[in-house]
Q: 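The structure that follows is given in the form of structure tokens.
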Amino acid sequence: MLPRENRIKKKKDFEVIFKKSKSFKNNLFILRFLENNLPQNRFGFVVSQKVSKRAVIRNKVRRRLNEAIRANEGKIKKGIDVLLIALPGIEKKNFSEIKEAVSLSLLKTKLITPN
């Protein structure tokens with residue numbers, strides 16, 4: 001799990017990101033990002049009941065997205081809020097596919113640089 005200072009929790013912060021951010025969409029999720037003028041990055045995850053009616057499945061998807069971000073956290077440039085909105089179908093994918101999709105999305109949005 002991400003440290004507390006790296007999580008987006010407040011409704012106001014989510015609303016600002018939804019209104020002012022840039023976005024990138026693939027078949028598994030929508031990635032929204034916005035500069036936050038803070039020394040650290042913050043991340044948020046939205047997994048609605050459209051993905052699954054079962055909370056167990058939604059939490060599993062949230063944990064997988066969280067872990068995929070944590071794997072790339074050191075490479076992401078500082079001072080960015082990132083919001084990942086899961087789309088229906090992500091619950092059928094395994095962790096390696098989700099991790100790969102997150103890495104590719106971060107590369108395409110130029111939030112990380114290629115190695």
Side-chain angles (χ1 to χ4, degrees):
M1 181 174 274
L2 293 167
R4 185 175 295 270
E5 65 269 4
N6 289 85
R7 289 184 244 160
I8 301 171
K9 286 291 191 180
K10 294 181 181 174
K11 183 178 179 181
K12 181 187 73 158
D13 292 336
F14 277 97
E15 289 172 354
V16 168
I17 293 169
F18 274 111
K19 287 180 183 174
K20 297 183 179 180
S21 66
K22 296 179 183 175
S23 67
F24 175 82
K25 182 180 178 184
N26 66 15
N27 59 346
L28 299 180
F29 55 84
I30 300 169
L31 184 139
R32 298 184 77 94
F33 58 97
L34 178 69
E35 289 189 25
N36 63 12
N37 299 320
L38 296 172
Q40 75 272 6
N41 295 328
R42 297 187 308 169
F43 303 94
F45 307 96
V46 177
V47 185
S48 71
Q49 286 189 353
K50 290 179 183 178
V51 172
S52 175
K53 296 289 184 196
R54 297 176 55 206
V56 173
I57 303 294
R58 294 194 308 270
N59 289 332
K60 184 178 181 180
V61 169
R62 192 174 291 113
R63 286 192 308 270
R64 286 180 173 183
L65 288 171
N66 191 348
E67 220 24 62
I69 286 290
R70 231 169 51 84
N72 291 302
E73 187 178 11
K75 298 183 256 179
I76 299 173
K77 63 183 183 179
K78 299 296 179 207
I80 303 241
D81 284 344
V82 178
L83 186 61
L84 286 169
I85 306 159
L87 297 174
I90 193 170
E91 73 278 4
K92 296 178 180 100
K93 302 295 181 181
N94 62 29
F95 176 65
S96 60
E97 292 172 316
I98 293 173
K99 186 177 174 183
E100 183 68 27
V102 168
S103 296
L104 284 174
S105 297
L106 291 171
L107 269 173
K108 287 182 180 179
T109 56
K110 297 183 177 144
L111 295 178
I112 61 175
T113 56
N115 298 4

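Computed from a predicted model, the values in this text were never measured in an experiment.
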Q: Run the numbers on Val47 and Ile90 for side-chain contact (heavy atoms from CB on, under 4.5 Å), then give the verdict.
A: CA-CA 10 Å; Val47 185; Ile90 193 170; 5.8 Å; no
Q: Of all the heavy-atom pairs spanning Arg42 and Arg7, show the shortest one and how long it is.
A: CD-O, 4.3 Å
Q: Under a 4.5 Å side-chain heavy-atom rule over Ile, Leu, Val, Met, Phe, Trp and Tyr, are Leu2 and Ile80 clustered together?
A: yes
Q: Check this for me: does any side-chain nitrogen of one of Arg70 and Glu67 sit under 4.0 Å from a carboxylate oxygen of the other?
A: yes
Q: Between the main-chain N or O of Glu97 and the side-chain N or O of Glu100, is there a donor-acceptor pair closer than 3.5 Å?
A: no
Q: Looking at every non-hydrogen atom in both residues, tell me the closest pair between Leu87 and Glu91 and how far apart they are.
A: O-OE1, 4.5 Å
Q: Kindly work out whether a path of hydrophobic side-chain contacts (I/L/V/M/F/W/Y, heavy atoms less than 4.5 Å apart) joins Ile8 to Ile76.
A: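 Per the 4.5 Å side-chain linkage, Ile8 and Ile76 are not co-clustered.
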Q: Are the side chains of Asp13 and Asp81 in contact, using a 4.5 Å heavy-atom criterion?
A: no
Q: Arg63 and Asn66: side-chain donor and acceptor closer than 3.5 Å?
A: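 Checked: Arg63/Asn66 side chains show no N/O donor-acceptor pair below 3.5 Å.
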Q: Starting from the C-alpha separation in whole Å, work towards a yes-or-no answer on side-chain contact (heavy atoms from CB on, under 4.5 Å) for Asn26 and Lys108.
A: CA-CA 11 Å; Asn26 66 15; Lys108 287 182 180 179; over 6 Å; no
Q: I want to check something: taking the side chain as every heavy atom from C-beta on, are Val46 and Ile30 in contact at a cut-off of under 4.5 Å?
A: no
Q: Donor-acceptor check, side chain of Ser21 to backbone of Phe18, threshold 3.5 angstrom: yes or no?
A: no
Q: Would the number of heavy atoms belonging to other residues, nucleotides or ligands and lying under 6.0 Å from CD of Glu35 be above 12?
A: no
Q: Count I, L, V, M, F, W, Y as connected when their side-chain heavy atoms are under 4.5 Å apart, and connections chain through other members. Are Ile17 and Phe33 then in the same cluster?
A: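 In one cluster with Ile17: Phe33, no.
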Q: For Arg58 and Gln49, which heavy atoms make the closest approach, and how far apart are they?
A: NH1-CG, 3.5 Å
Q: Are Val102 and Leu107 connected, step by step, through hydrophobic side chains (Ile, Leu, Val, Met, Phe, Trp, Tyr) whose heavy atoms are closer than 4.5 Å?
A: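 Both belong to a single hydrophobic cluster.
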Q: If you draw a 6.0 Å radius around NZ in Lys78, do more than 12 non-hydrogen atoms from other residues or ligands fall strictly inside?
A: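 Check passes, neighbour count above 12.
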Q: Without swapping roles, check the side chain of Asn41 against the backbone of Lys77 for a donor-acceptor pair under 3.5 Å.
A: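 Here the side-chain-to-backbone pair exists.
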Q: Between Phe95 and Arg64, which heavy-atom pair has the shortest distance, and what is it?
A: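 Phe95 and Arg64 have their closest heavy atoms at CE1-O, 3.5 Å.
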Q: How close do Phe29 and Ala86 get, counting heavy atoms only, and between which atoms?
A: CB-CA, 4.1 Å
Q: So which atom in Val51 and which in Pro88 form the shortest heavy-atom distance, rounded to 0.1 Å?
A: CG2-N, 4.1 Å
Q: In terms of hydrophobic clusters joined by side-chain contacts under 4.5 Å, are Ile98 and Ile112 together?
A: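 Yes, because Ile98 and Ile112 connect within a single hydrophobic cluster, where side-chain heavy atoms sit under 4.5 Å apart.
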